Amino acid sequence: MSDPSQDTFSQRVYHIVAAIPYGRLTTYGEVARLAGAPRAARQVGGLLSHLPEGSKLPWHRVVNRHGAISLSGEDFYRQLSVLQGEGLLLQDSGRFDLARYRWRPEDGG
DNA sequence: GCTTTGACTGCGG
DNA sequence: ACCGCAGCCAAAG
């Protein structure tokens, strides 16, 4: 109740990302919205980029509003590999079909 | 407590 | 549809 460690923006983001099911995607903006700060999409990416090394959070299931991977270099291919491993198909446009893979909280949470 | 930093987003051209 | 720019705001220094 009075413990702020459970009420911070970052804690909410971690909780939300942890709820994204295998084989599904969501966007930075959507996570921000669910966390109660619809304009803090950048912050979501910032938090995911600073995750501790042993984190179990499925950070790879968060992409940008176009359904594209926002990382670059080796990180890009790492995220791509994990998503493909979960059965997600990358379109020729270099994006994932959000209409098909987008996770919605009511869909299972 | 002010300044800098971004794994973003929306809008206009 | 693609590209560039300005706004956004929680965290870290």
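Proteins come first, then strands; the chains are lettered A, B, ... in the order of their sequence lines, and each starts at number 1. Atom set for the values below is all heavy atoms of this structure, side chains included, hydrogens, waters and symmetry mates excluded. Model, not experiment: these values are computed from the prediction.
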Item to complete: Please confirm whether the backbone N or O of A:P38 pairs with a side-chain atom of A:R33, one donor and one acceptor, at under 3.5 Å?
Response: no

Practice prompt. Please step through side chain to side chain contact (heavy atoms under 4.5 Å, CB included) for the pair A:Y101 and A:L89, ending with a clear verdict.
Written response: CA-CA 10 Å; A:Y101 302 125; A:L89 305 177; 3.6 Å; yes

Worksheet item: Taking 5' to 3' order, which nucleotide of DNA chain C is first and which is last to have an atom within less than 4.0 Å of a heavy atom in chain A?
Response: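 Both ends considered, the range comes out as C:dC2 to C:dA11.
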
Worksheet item: So which of residues 18-48 of chain A are in contact with DNA chain C, with a heavy-atom cut-off of under 4.0 Å?
Response: A:R39, A:R42, A:Q43

Item to complete: Output yes when A:E30 and A:R102 qualify as a salt bridge under the 4.0 Å nitrogen-oxygen rule, no when they do not.
Response: yes

Fill in: Pairing of A:E86 and A:R24 as salt bridge, 4.0 angstrom limit
no

Worksheet entry | Heavy-atom check, side chain of A:P58 versus side chain of A:V17, under 4.5 Å | yes

Worksheet item: Which residue pairs satisfy the side-chain hydrogen bond (donor to acceptor under 3.5 Å, both in side chains) criterion with at least one member in residues 34-57 of chain A, sequence neighbours excluded?
Response: none

Worksheet item: Between residues 81-94 of chain A and DNA chain B, which residues have a heavy-atom gap below 4.0 Å?
Response: none

Item to complete: Could you check which residues of residues 59-68 of chain A get a heavy atom under 4.0 Å from DNA chain B? Sort them by number, please.
Response: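 Of all residues in residues 59-68 of chain A, the ones placing a heavy atom under 4.0 Å from DNA chain B are A:W59, A:N64, A:R65.
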
Between atom [atom1] of [X] and atom [atom2] of [Y], what is the distance when rounded to the nearest 0.5 Å?
X	Y	atom1	atom2	value
A:L88	A:D97	CG	CG	10.0 Å
A:W59	A:L51	CH2	CG	9.0 Å
A:Y14	A:F9	OH	CZ	10.0 Å

Show the atom names and distances, to 0.1 Å, of all donor-acceptor pairs under 3.5 Å that link a side chain in residues 71-84 of chain A to residues at least two apart or in another chain.
| from | atom 1 | to | atom 2 | distance (Å) |
| --- | --- | --- | --- | --- |
| A:D75 | OD1 | A:R78 | NH2 | 2.6 |
| A:Q79 | NE2 | A:H60 | O | 2.9 |
| A:Q79 | NE2 | A:V62 | O | 3.2 |
| A:S81 | OG | A:Y77 | O | 2.9 |

Practice prompt. Determine the minimum heavy-atom distance between A:T27 and A:R65, stating which atoms define it.
Written response: CG2-CA, 4.1 Å

Practice prompt. Report which part of the nucleic acid A:S10 touches: base, sugar-phosphate, or nothing (heavy-atom distance under 4.0 Å, all strands).
Written response: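 Sugar-phosphate, backbone atoms only, no base.
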
Practice prompt. Kindly determine whether A:Y28 and A:N64 satisfy side chain to side chain contact (heavy atoms under 4.5 Å, CB included), including the steps that lead there.
Written response: CA-CA 6 Å; A:Y28 297 101; A:N64 65 30; 4.3 Å; yes

